[in-house]
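Only one structure is covered here, and it is reproduced in the block below.
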2 protein chains.
Amino acid sequence: MSEPELLPLLDSLPTERRDAARNRELLLDAAQGLVERHGPHSVTMDAVAAAAGVGKGTVFRRFESREGLMAAVLNHSETEWQAQVMSGAPPLGPGADPWDRLLAFGRSRLETTLLHAEMIREAGRAGMRSFAAYSFVAMHTRYLLAELGVTGDLPILATALLAPLEAPILDQQVTIEGFPLERVYAGWVDLARRIVGRDADPPESF
Amino acid sequence: MSEPELLPLLDSLPTERRDAARNRELLLDAAQGLVERHGPHSVTMDAVAAAAGVGKGTVFRRFESREGLMAAVLNHSETEWQAQVMSGAPPLGPGADPWDRLLAFGRSRLETTLLHAEMIREAGRAGMRSFAAYSFVAMHTRYLLAELGVTGDLPILATALLAPLEAPILDQQVTIEGFPLERVYAGWVDLARRIVGRDADPPESF
DNA sequence: AGCCTAAACGGACCGCGGTCCGTTTCGTAT
DNA sequence: ATACGAAACGGACCGCGGTCCGTTTAGGCT
């Protein structure tokens with residue numbers, strides 16, 4: 001008999017060999033561990049290979065480059081964060097009204113980005129989060145803007161609203177210019193207000 | 001006699017030795033030449049040292065790091081651009097009304113950044129232009145916003161307006177997402193409009 | 001169980017960024 | 001002109017990211 005797949009294609013087709021999958025896990029754990037214990041800059045490819053007990057070549061085959069590895073580690077926390085947005089408690093999650101969700105979203109994004117700033121920077125180009133990750137925040141922002149009745153070129157407008165929350169700009173403001181976090185956030189809220197077109201804070205319903 | 005300075009402190013005090021100054025010139029020219037002839041990625045520290053006919057150590061003493069060297073090369077064009085803004089022809093230079101100047105400013109910034117995108121990226125952290133360079137655009141933007149009667153936290157607002165024109169964000173939009181340049185620019189104008197508070201295009205005076 | 005091939009493995013090897021330190025040069029004071 | 005200290009020089013050296021290729025292994029087929 002030749003039934004090549006008993007379970008109807010559940011996993012991605014060019015199925016990953018068992019040892020490969022195992023090593024991917026080992027490497028990711030090793031990398032994460034190094035980050036937590038000694039900071040991102042301590043994550044050298046040799047170190048993570050040694051910590052995982054595999055050869056250096058394997059690290060590169062799995063993750064392309066050091067930046068790729070960093071991005072993969074980031075992806076972990078990013079995924080958890082996405083879950084909070086899509087199905088967590090309001091106001092970040094669904095349920096609150098769009099404006100409150102937008103504010104919570106900005107706040108959370110600000111803090112998360114700052115928290116991972118170092119790793120994002122070390123992930124270099126891929127560190128603006130893998131394209132998929134960026135797509136998610138962009139999409140969610142477009143959705144909230146649409147919900148708030150904003151008209152215009154939403155993809156571009158969403159990018160403009162997100163830009164000040166990206167790591168390099170935040171870095172500039174907080175680390176280099178020394179602006180306090182609350183001021184940066186307040187500024188972002190003001191920006192959102194201007195983009196959405198709310199005139200000052202709403203008088204809180206009735 | 002001990003008059004240590006005949007000309008009353010004209011130059012920066014810890015005066016640069018003649019050979020040092022000469023080598024700085026040689027190195028900058030060499031680097032610029034390499035960039036023009038073979039692109040930024042061809043600029044290796046050994047190559048630029050060899051091209052300038054000096055030792056590798058000298059390159060590092062003058063420019064700290066590869067990123068520093070890149071930033072120095074960038075600084076050249078940046079300075080010329082600043083001159084255009086401060087004393088060039090309108091609408092970029094002084095003379096036009098603030099709104100037109102702001103539009104010209106954004107347009108010019110967009111094009112310049114895109115032109116040097118590769119080098120900016122390779123200049124890494126220092127590539128958001130040396131702090132001095134960033135200060136200039138930030139200051140000019142604040143000035144124009146103030147001139148346009150915008151109130152609020154101008155430093156933060158200026159950053160927000162400039163952020164979508166920074167290299168990483170532009171890169172994302174143009175190179176990765178493939179948005180045409182004109183669309184990105186139009187989006188930026190719309191952003192400016194919302195921040196400044198103009199309702200649609202002004203009816204062109206009377 | 002034994003075979004066979006595609007895939008994964010691992011570590012020697014290379015180039016480049018960055019450091020270090022013994023040597024040379026500049027500029028001044030005599 | 002000479003001497004001398006500070007500053008600049010240059011290139012050997014090191015660690016790390018990334019590649020290459022000969023060897024090993026997973027896992028389907030008979």
Side-chain angles (χ1 to χ4, degrees), chain A residues 1-7 11-27 30-31 34 38-73 121-127, chain B residues 1-7 11-27 30-31 34 38-73 121-127:
Chain A
M1 329 263 130
S2 47
E3 225 24 84
E5 308 255 328
L6 281 89
L7 313 171
D11 9 33
S12 57
L13 292 184
T15 237
E16 191 173 42
R17 242 168 68 166
R18 201 110 67 207
D19 49 352
R22 186 177 49 84
N23 282 340
R24 138 115 92 264
E25 269 322 296
L26 286 174
L27 286 168
L34 283 182
H38 308 290
H41 85 272
S42 80
V43 179
T44 102
M45 296 307 254
D46 294 272
V48 69
V54 304
K56 186 176 182 175
T58 303
V59 190
F60 282 92
R61 197 167 327 94
R62 277 295 97 68
F63 299 101
E64 278 283 282
S65 65
R66 191 187 125 100
E67 300 193 351
L69 175 57
M70 289 295 187
V73 174
R121 185 155 44 75
E122 302 228 358
R125 187 166 223 188
Chain B
M1 331 272 121
S2 47
E3 223 27 79
E5 308 256 327
L6 281 89
L7 311 172
D11 11 32
S12 57
L13 291 184
T15 236
E16 191 172 43
R17 243 169 66 168
R18 203 110 66 208
D19 50 351
R22 186 177 49 84
N23 282 340
R24 137 115 94 270
E25 269 322 295
L26 286 174
L27 285 168
L34 282 182
H38 308 290
H41 84 272
S42 79
V43 180
T44 97
M45 297 306 254
D46 295 272
V48 69
V54 305
K56 187 178 182 173
T58 302
V59 191
F60 282 92
R61 197 166 328 93
R62 279 292 97 69
F63 299 102
E64 278 282 283
S65 64
R66 190 187 126 101
E67 300 192 351
L69 175 57
M70 290 294 187
V73 174
R121 185 154 43 75
E122 303 229 358
R125 186 167 223 187

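Values below: every heavy atom of this structure, side chains too, minus hydrogens, waters and symmetry copies. Reminder, nothing fancy here: chain letters follow the sequence lines and each chain counts from 1.
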Worksheet entry | Base-contact (B) and sugar-phosphate-only (S) positions in nucleotides 5-13 of chain C, heavy-atom cut-off under 4.0 Å, - elsewhere | -BBSBBB--

Worksheet item: With sequence neighbours left out, what residues match B:A30 under side chain to side chain contact (heavy atoms under 4.5 Å, CB included)?
Response: B:V48, B:A51, B:A52

Discussion item. My understanding is that only residues two or more places apart in sequence, or in another chain, count here; which of them pass salt bridge (Lys or Arg N to Asp or Glu O under 4.0 Å) with A:R24?
Written reply: A:E16

Worksheet item: How long is the line joining CZ of B:F60 and P of C:dT19, in whole Å?
Response: 7 Å

Discussion item. How close do A:A49 and A:L27 get, counting heavy atoms only, and between which atoms?
Written reply: CA-CD2, 4.4 Å

Worksheet item: When the C1' atoms of the five terminal pairs at each end define the local axes, what inter-axis angle does the helix from C:dA1-D:dT30 to C:dT30-D:dA1 show, to 10 degrees?
Response: 0°

Item to complete: Check whether any side-chain heavy atom of A:V73 lies under 4.5 Å from a side-chain heavy atom of A:M70, and answer yes or no.
Response: no

Worksheet item: Any idea which heavy atoms bring A:G39 and A:S42 closest together, and the distance?
Response: O-OG, 2.8 Å

Discussion item. Are A:V43 and A:H38 packed together at the side-chain level, in the sense that at least one heavy-atom pair is separated by less than 4.5 angstrom?
Written reply: no

Item to complete: Tell me, please, which residues at least two apart from A:E67 pass side chain to side chain contact (heavy atoms under 4.5 Å, CB included).
Response: A:S65, A:R125

Practice prompt. Return each pair, listed once, that meets side chain to side chain donor-acceptor pair (under 3.5 Å) where at least one residue sits in residues 46-64 of chain A; pairs must be two or more places apart or across chains.
Written response: A:D46-A:K56

Discussion item. What residues from residues 44-52 of chain B pass a heavy-atom cutoff of under 4.0 Å to DNA chain D?
Written reply: none

